[in-house]
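What follows is a set of notes on a single structure, which appears directly below.
In listed order, ligands and their atoms are each counted from 1.
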Amino acid sequence: MTGGLRKGLTSYGDAGFSLFLRKAFIKAMGYSESALDRPIVGITNTASDFNPCHGNMPDLIEAVKRGVMLAGGLPMVFPTISIGESFAHPTSMFLRNLMSMDTEEMIRAQPMDSVVLIGGCDKTLPAQVMALASANLPGIVLPTGSMVVGHYRGQLLGACTDCRRFWAEHRAGAIGNSEIEEISGRLVPSVGTCMVMGTASTMACLLEAMGLSLPMSATAPATHADRRRIAESTGRCAAELALSGQPKPCDLINQASVRNAMIVLQAIGGSTNGLIHLTAIAGRAGIPVDLALFDRLGREVPVLVNLKPSGAHYMEHFHHAGGMPALLRQLAPLLDLSAPTIAGARLADVLSQAEEIPGQDVIRPLTAPLSPHGAMAVLHGNLAPDSAVIKQSAASPHLMRHTGRAVVFDSVEDMTTRIDLPDLDVQPEDILLLRNAGPKGAPGMPEAGYLPIPRKLARQGVRDMVRISDARMSGTAFGTIVLHIAPEAAIGGPLAVVQTGDRIALDVEARRLDLLIDDAELARRLAAWKQAPPHRKPPRRGYARLFENSVLQANQGCDFDFLRGDGGTRKDF
Ligand code: FES
């Protein structure tokens, strides 16, 4: 046997001694010889006091361990980095690739035959699955699950769509200090991930559709008994993976499952971040995500899931309406149902088991969609030569074709300093533009693309304006907001040379975003930008330097250039 404890021996120049020493140390924990002869299932522990979205981690780990033991494996829990969205400076995206590297190397370094990845908060599942694809060890995903809904004066509340809605009301002066404090105590009523269709929910849904987690894994609430039962089943499945060695992650992350995930991303009203993460995950398996195909799918695939911010309901309602299997059944004519899943079944088998819930309004049929188009559109134009993205399902219909005067902010700091100044020259029909907030520019591409409506306009009742940037936006946010403009301003993308007062045209139907100046003038400005002194100082040391040197643009998933591809074939030591 070469698996279990015999796997990946520490190098002392004597394999027998390496195993002897390893066993001697693990016996300090009280394990018997027969326990140590079992196949080993690694379980990531991403609990952190800074990550309430993972607050149920101890319970889930216990349930996974139970499942592993029931199926004849030996569970071994190990820690990795954890990233709590609102606790990460400068932004969680800056740390996603670090978490991915940490997770990959710990999977490779420690003796395990399969692995259970438990994560949930926005960047954690992407980081873990990127790592899994690179390590290419059999593994299974277990999301921590969503929070239950909040209640406030008869309204249902969802983090963080309603965080933003109430904050906008507070900025406009409609909600006072004591009321906003009271609301902050109601928005997040339990541990778990945001219960709207934000990035965490989006990624959990995509990974279930790709067969990387068990059916209903994406939707069971964090505190529900279903979540623990799924955790136990996940542990059982992981023990079977450890015994059989199949399927490998790169058997599951293939052209068919990536295309299926793109369809699901459009149909759930998913987060724009989901596109970046899917691109990064697929890139690790050597599969390019075709943005033209994604956009075409957006014209064909309607939004079927009626969840905030595109719709009305919350993740627990999605779960009780039948979850992902029920959605996949509705999408069946569009999907490749031959795609394999982690438990050995084909996608067709999963959706044949879907529960039929009479009278539910959360998962719509193709004949009565929430919106006739998919969640997102991919834009091009002289302002976005490589691409930009808009979440059309959460945008204002009257702004989808709009020409306006640019009001330019040079950085997140500049925007924060000036956006609420009473003398800011801005009108409701202007286009707010934020730059130097992309992968290298900020750095880490913060979720600053949801530029606040200038306070003086908010007080006049303005609730949406066209906003464009090279930044990201929370999946929980709404508005007519163009994001992920590539190339970003910090590396000389055309966004860098827009001047306040220029006119910009957005036409979502035509998939265009253009600066209305002639080509010669644009070329002149870009040449002058290149000759200007360096626009910012690159970091001198540490992870920040690695990030600066290696991060790719949004249309390439913001992965590090040296991490893509490979698919577990590394033989460098
Ligand atoms: Fe963790 Fe929303 S803050 S999922």
[X] atom [atom1], over 12 foreign heavy atoms within 6.0 Å:
X      : atom1 : value
Phe50  : CZ    : no
Gln110 : CD    : yes
Asp561 : CG    : yes

ask   = Protein N, O or S atoms less than 2.8 Å from atom 1 (Fe) of ligand 1, ignoring waters?
value =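 Near atom 1 (Fe) of ligand 1, the protein supplies Cys53 SG, Cys121 SG.
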request  = Could you check whether the rings of Phe94 and Tyr543 sit parallel, tilted or perpendicular, using 30° and 60° as the cut-offs?
outcome  =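 Judged by the thresholds at 30° and 60°, the geometry between Phe94 and Tyr543 is perpendicular.
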message = Quick one, Leu432 and Pro454 - any side-chain contact, counting heavy atoms below 4.5 Å?
response =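 A side-chain contact under 4.5 Å exists here.
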key: Arg171: side chain to side chain donor-acceptor pair (under 3.5 Å) partners, not counting sequence neighbours   =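 With sequence neighbours excluded, Arg171 shows a side chain to side chain donor-acceptor pair (under 3.5 Å) to Asp420, given in chain and number order.
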